[in-house]
Amino acid sequence: MSSTPSVRRRIYLLRHAAVSYFDEQGHPLDPRGVPLNANGLEQAAAAAHMLAPVPFDLAVCSGLPRTEQTARMVLNGGQAITLHCDERLKEIRAGRLREVPAEQRERTIAYAYDDADQPGACFIGGETWSDFNARVILAWHEWLTRPEWSNLLMVAHDAVNRVILGHIGGSGLGGLKAFEQDPACINIIETDHGPEGESRCLIRCINLAAYDPIRQQQRQTVMEQVWNHFQPNAAQPPVPAEE
């Protein structure tokens with residue numbers, strides 16, 4: 001029996017490039033409609049350049065403008081394939097930030113993934129993690145098992161990608177906080193069949209940012225950045241920086 005699978009397919013799982021979630025006054029914008037900002041356009045272009053040699057034969061995004069823009073930029077190298085939209089890959093829905101009690105805001109926003117595996121846990125007062133996990137994994141398995149592709153481009157969101165990576169790695173919702181997903185990052189996942197015929201997934205690469213591979217100047221998590229954009233303008237005193 002050969003030790004090498006006869007067919008090994010690749011999924012290039014991307015997070016959308018950068019957007020602005022707050023206006024200049026610090027007021028939250030509707031995340032359903034925000035487009036890529038200037039930095040995001042540069043990040044998506046860098047990802048497109050890195051992925052230009054890949055012959056994609058299937059592509060899907062969440063349908064929100066930021067994922068569709070990112071995906072179309074990656075596919076803009078003459079690859080005439082249809083970009084599918086799957087609403088199950090939309091980002092987890094948050095509640096209203098200002099409805100979170102002031103004394104709980106930093107913990108709830110900056111550390112939003114830390115308690116995702118707790119019973120009844122929800123994302124900033126919005127969608128429950130269990131419901132979110134169920135819809136994302138259902139979509140993931142359906143795209144994974146489609147037969148017509150060898151290289152699949154999937155452009156989704158921070159929490160969506162974390163759920164997929166946690167599912168593959170066996171950590172489930174408890175591992176979400178460990179999988180940082182920077183804007184326009186690239187994750188490479190391979191799938192094949194094991195010796196007993198069972199489907200399996202292998203993680204080849206996580207959170208590769210073509211525009212800044214070693215993140216020399218970036219030490220904050222995704223949600224810490226969200227908190228820092230929100231809290232100076234929130235109705236509460238600024239939180240002093242830790243020494």
Side-chain angles (χ1 to χ4, degrees), residues 15-34 36-37 39-40 62 64-67 87-137 139 156-167 169 171-185 187 206-207 209 215 218-243:
R15 184 191 173 199
H16 63 81
V19 300
S20 298
Y21 292 111
F22 301 90
D23 63 20
E24 293 181 356
Q25 288 72 45
H27 301 135
L29 301 171
D30 186 341
R32 295 171 295 182
V34 289
L36 302 185
N37 59 28
N39 285 338
S62 73
L64 292 181
R66 56 193 187 271
T67 64
E87 292 190 351
R88 297 171 299 179
L89 296 174
K90 286 184 177 180
E91 185 60 295
I92 189 168
R93 294 184 296 274
R96 296 183 180 275
L97 297 180
R98 286 181 171 80
E99 291 182 359
V100 179
E103 67 276 8
Q104 298 176 19
R105 284 178 180 162
E106 182 177 14
R107 178 73 175 85
T108 301
I109 298 170
Y111 301 90
Y113 299 128
D114 284 32
D115 299 322
D117 60 339
Q118 298 303 304
C122 58
F123 179 68
I124 313 181
E127 187 174 9
T128 65
W129 283 106
S130 59
D131 287 348
F132 174 66
N133 182 78
R135 69 170 165 91
V136 169
I137 297 306
H157 303 265
D158 179 27
V160 173
N161 292 5
R162 290 175 188 246
V163 162
I164 292 171
L165 293 168
H167 175 70
S171 63
L173 292 175
L176 295 194
K177 57 183 175 293
F179 291 109
E180 276 301 302
Q181 291 288 282
D182 291 316
C185 70
N187 307 281
I206 294 180
N207 199 28
R215 303 314 191 288
Q218 181 55 271
R219 301 296 178 93
Q220 291 183 329
T221 68
V222 167
M223 294 309 297
E224 285 170 347
Q225 293 174 63
V226 172
W227 164 246
N228 287 336
H229 280 100
F230 170 73
Q231 68 91 12
N233 299 283
Q236 63 169 22
V239 176
E242 293 183 357
E243 296 296 333

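Reckoned from all heavy atoms, side chains included, excluding hydrogens, waters and symmetry mates.
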Going through the distances and angles, do F132 and V160 end up as a side chain to side chain contact (heavy atoms under 4.5 Å, CB included)? CA-CA 8 Å; F132 174 66; V160 173; 3.7 Å; yes
Parallel, tilted or perpendicular for H16 and Y21, by the 30°/60° rule?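 Plane angle over 60°, so perpendicular.
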Nearest heavy atoms of [X] and [Y], plus distance in Å:
{"X": "A121", "Y": "A116", "value": "CB-O, 4.0 Å"}
{"X": "V34", "Y": "S20", "value": "CG1-O, 3.4 Å"}
{"X": "V136", "Y": "I164", "value": "CG1-CG1, 3.9 Å"}
{"X": "Q104", "Y": "T108", "value": "O-OG1, 2.7 Å"}
{"X": "F123", "Y": "A112", "value": "CE1-CB, 3.5 Å"}

Run the side chain to side chain contact (heavy atoms under 4.5 Å, CB included) test on E180 and I206 for me, step by step, so that the C-alpha distance in whole Å, both residues' side-chain angles and the decisive distance to 0.1 Å come before the verdict. CA-CA 9 Å; E180 276 301 302; I206 294 180; over 6 Å; no
At what distance, to the nearest 0.5 angstrom, does [atom1] of [X] lie from [atom2] of [Y]?
{"X": "Q220", "Y": "Q225", "atom1": "CD", "atom2": "CD", "answer": "5.5 Å"}
{"X": "S62", "Y": "H157", "atom1": "OG", "atom2": "NE2", "answer": "3.0 Å"}
{"X": "D182", "Y": "R215", "atom1": "CG", "atom2": "CZ", "answer": "4.0 Å"}
{"X": "E106", "Y": "M223", "atom1": "CD", "atom2": "CE", "answer": "12.0 Å"}
{"X": "I92", "Y": "L176", "atom1": "CD1", "atom2": "CG", "answer": "8.5 Å"}

Using only atom types and a distance under 3.5 Å, with no angle test, would you say the side chain of [X] pairs donor to acceptor with the backbone of [Y]?
{"X": "R93", "Y": "G126", "result": "no"}
{"X": "R135", "Y": "K90", "result": "yes"}
{"X": "S171", "Y": "G174", "result": "no"}
{"X": "N187", "Y": "N207", "result": "yes"}
{"X": "N133", "Y": "W129", "result": "no"}
{"X": "R105", "Y": "A110", "result": "no"}
{"X": "R15", "Y": "C185", "result": "no"}

Any non-hydrogen side-chain atom of V226 less than 4.5 Å from a side-chain atom of F22? yes
Side chain to side chain contact (heavy atoms under 4.5 Å, CB included) between V163 and I137, worked out: CA-CA 8 Å; V163 162; I137 297 306; 3.6 Å; yes
Test side chain to side chain contact (heavy atoms under 4.5 Å, CB included) on R107 and D114; report intermediate values, then the result. CA-CA 9 Å; R107 178 73 175 85; D114 284 32; 4.0 Å; yes
Do NZ/NE/NH1/NH2 and the carboxylate oxygens of R162 and D158 come within less than 4.0 Å? yes
Is the shortest side-chain N to carboxylate O distance from K177 to D115 below 4.0 Å? no
With D30 via side chain to side chain contact (heavy atoms under 4.5 Å, CB included) - residues at least two apart: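 Testing D30 for side chain to side chain contact (heavy atoms under 4.5 Å, CB included), a comparison that skips the adjacent residues, returns R32.
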For A17, what residues pass the side chain to side chain contact (heavy atoms under 4.5 Å, CB included) criterion, not counting sequence neighbours?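 Checked A17 against side chain to side chain contact (heavy atoms under 4.5 Å, CB included); matches are L36, Q43, A44, T70, A184.
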